[in-house]
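See structure below.
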Amino acid sequence: GAAALAGLMTTTALAADMTVGFSQIGSESGWRAAETTLTKQQAEERGIDLKFADAQQKQENQIKAIRSFIAQGVDAILLAPVVATGWDQVLEEAKEAEIPVVLLDRTIDAPDDLYLTAVTSDLVHEGNVAGQWLADKVGDEQCNVVELQGTTGSSPAIDRKKGFEQAIADHDNIKIVRSQTGDFTRTKGKEVMESFLKAENGGKDICALYAHNDDMAVGAIQAIKEAGLKPGEDILVVSIDAVPDIFQAMANGEANATVELTPNMAGPAFDALEKYKADGTEPPKWIQTESKLYTQADDPMKVYEEKKNLGY
Ligand code: GZL
């Protein structure tokens with residue numbers, strides 16, 4: 001009768017109107033901004049009520065946001081964890097409240113019963129692909145590398161460093177001579193690259209830059225040009241993310257290679273959450289996204305145009 005129909009309607013409406021709290025790191029890079037755009041688009045398309053909180057890259061703000069989502073009684077939480085440690089307490093509180101947490105694009109050092117799943121690329125593999133590209137490029141020539149690390153203590157900074165070092169381990173001619181964090185931003189990437197150039201004979205002793213993301217590489221390219229050197233030639237440039245601007249740089253001959261990271265982490269995350277909510281299916285603890293190497297040989301301006309339609 002009418003009561004049953006009303007009940008059915010309510011259930012259907014409830015399932016469609018999942019409320020999800022999203023604790024986002026900030027907008028430190030073009031990639032992160034695209035991830036936010038796509039997450040909001042996906043929520044809109046799926047009729048998910050998204051509560052968005054930007055932490056300005058501060059863990060304490062992320063913890064506050066998670067506590068607020070718990071107080072609001074959201075159905076699920078998305079967390080892009082700025083660093084890998086310090087989450088156990090607040091994730092225990094979410095577990096107590098029976099609110100599933102899905103990690104986006106970074107992992108954490110915590111028991112895996114504290115989150116439903118992690119949607120990330122293989123961050124070690126990305127570093128590996130970057131290191132392997134450089135090894136293939138320089139052959140047996142001596143190559144002193146400077147490294148711009150991501151945010152200190154974040155899983156991408158730790159894993160991308162590890163992967164790169166693995167790839168160059170048996171190439172004695174390739175050496176990382178300077179390594180410092182540029183916090184994934186253009187500004188800091190430029191600043192730190194300026195100090196590397198000064199410290200390395202005006203950059204003449206630097207063969208290559210490995211940046212943990214394209215934004216730091218783009219900042220560094222500016223610094224290399226201001227030092228009177230040719231990025232992409234005098235100093236090879238390899239980085240990760242595959243944001244549009246790195247393809248512009250490749251087209252200009254100022255960058256050489258990048259490893260693609262998809263900004264669409266929310267699609268797999270929402271799929272897993274909807275299924276979990278509908279029938280309790282537990283997803284695997286890791287949902288891995290694909291990585292792909294792009295070089296100057298891959299028609300950079302065509303890729304630039306394609307990327308422009310992808311939330312960037
Ligand atoms: C990696 C992601 C990184 C991007 C950067 O999965 O966490 O954070 O590579 C962003 O652009 O700052």
Side-chain angles (χ1 to χ4, degrees), residues 22-39 54-59 61-62 78-85 87 102-109 115 117-131 147-164 181-190 192 209-221 237-247 249 255 257-269 286-294 307 310-312:
F22 178 17
S23 172
Q24 177 60 297
I25 291 172
S27 53
E28 74 283 357
S29 71
W31 183 89
R32 177 92 31 217
E35 182 189 56
T36 295
T37 301
L38 291 177
T39 304
D54 177 317
Q56 277 96 35
Q57 285 194 269
K58 291 186 177 61
Q59 180 174 31
N61 290 345
Q62 293 202 279
L78 298 183
L79 170 64
V82 60
V83 291
T85 55
W87 300 101
V102 172
L103 303 179
L104 295 192
D105 73 79
R106 295 186 186 179
T107 54
I108 60 176
D109 303 340
Y115 56 89
T117 184
V119 180
T120 80
S121 59
D122 181 336
L123 296 154
V124 174
H125 175 67
E126 293 171 334
N128 229 284
V129 169
E147 178 183 27
L148 287 170
Q149 295 181 35
T151 299
T152 303
S154 68
S155 64
I158 293 161
D159 290 350
R160 287 174 177 172
K161 179 171 197 36
K162 192 166 132 191
F164 187 88
T181 183
D183 214 14
F184 283 129
T185 70
R186 291 185 185 204
T187 309
K188 204 87 166 52
K190 180 170 191 258
V192 175
L209 162 68
Y210 167 48
H212 290 185
N213 81 334
D214 295 339
D215 282 65
M216 293 190 290
V218 168
I221 285 168
V237 177
V238 54
S239 55
I240 302 171
D241 277 356
V243 299
D245 286 350
I246 203 67
F247 292 97
T258 186
V259 185
E260 182 176 60
L261 172 73
T262 173
N264 178 17
M265 299 282 172
W286 180 26
I287 297 172
Q288 181 185 345
T289 62
E290 291 310 302
S291 311
K292 181 172 180 246
L293 177 71
Y294 282 95
K307 290 279 177 178
L310 245 183
Y312 284 104

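Just so you know, these numbers come straight off a predicted model, no measurement behind them. All ligand and atom numbering here is 1-based and tracks the order in the structure. Worth knowing before you read on, the calculation uses all heavy atoms, side chains too, and leaves out hydrogens, waters and symmetry mates.
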So if I count the atoms of ligand 1 from 1 in the order they appear, which ones are less than 4.0 Å from some heavy atom of [X]?
X      : result
Trp31  : 11 (O)
Pro156 : 7 (O)
Glu28  : 8 (O), 10 (C), 12 (O)

Proximity winner for atom 6 (O) of ligand 1, if only heavy atoms of Asp105, Thr185, Thr107 are counted: Asp105
For atom 1 (C) of ligand 1, the option (of Arg160, Glu126, Glu35) bearing the nearest heavy atom: Arg160
Any [X] heavy atom less than 4.0 Å from ligand 1:
X      : value
Leu261 : yes
Asp241 : yes
Met265 : no
Leu123 : yes

Closest non-hydrogen atom pair, Thr85 against Gln59: O-NE2, 2.7 Å
Closest contact, heavy atoms only, Ser155 versus Ala84: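 For Ser155 versus Ala84, the nearest heavy atoms are N-CB, 4.5 Å.
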Side chain to side chain donor-acceptor pair (under 3.5 Å) partner of Trp286, the single match among Thr120, Asp122, Thr117, Thr107: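 Exactly one candidate clears the test, Thr120.
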Rounded distance [0.5 Å steps], CG in Asp159 versus CG in Leu123: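 It is 5.5 Å, given to the nearest 0.5 Å.
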Ligand 1 versus Asn213: contacting region, heavy-atom distance under 4.0 Å: side chain
Part of Met216 within contact of ligand 1 (heavy atoms, under 4.0 Å): neither
For Arg160, the option from Ile240, Val124, Val259 that meets side chain to side chain contact (heavy atoms under 4.5 Å, CB included):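 That would be Ile240; it is the only one of Ile240, Val124, Val259 passing the side chain to side chain contact (heavy atoms under 4.5 Å, CB included) with Arg160.
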Side chain to side chain contact (heavy atoms under 4.5 Å, CB included) partner of Thr152, the single match among Thr181, Asp183, Ile158: Thr181
Parallel, tilted or perpendicular: rings of Tyr210 and Phe164 (30°, 60°):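 If you compare the ring of Phe164 with that of Tyr210, the planes turn out parallel.
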Donor on one side chain, acceptor on other, His212 and Glu147, under 3.5 Å: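 Their side chains do contain a donor-acceptor pair, which is all the 3.5 Å distance test asks for.
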Under 3.5 Å: N/O of Arg32 near N/O of ligand 1: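 Between Arg32 and ligand 1, an N or O pair is found under 3.5 Å apart.
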Ser121-ligand 1 polar pair, N/O distance under 3.5 Å: no
Charged N-O contact under 4.0 Å between Glu260 and Lys307: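 So Glu260 pairs with Lys307 through a salt bridge.
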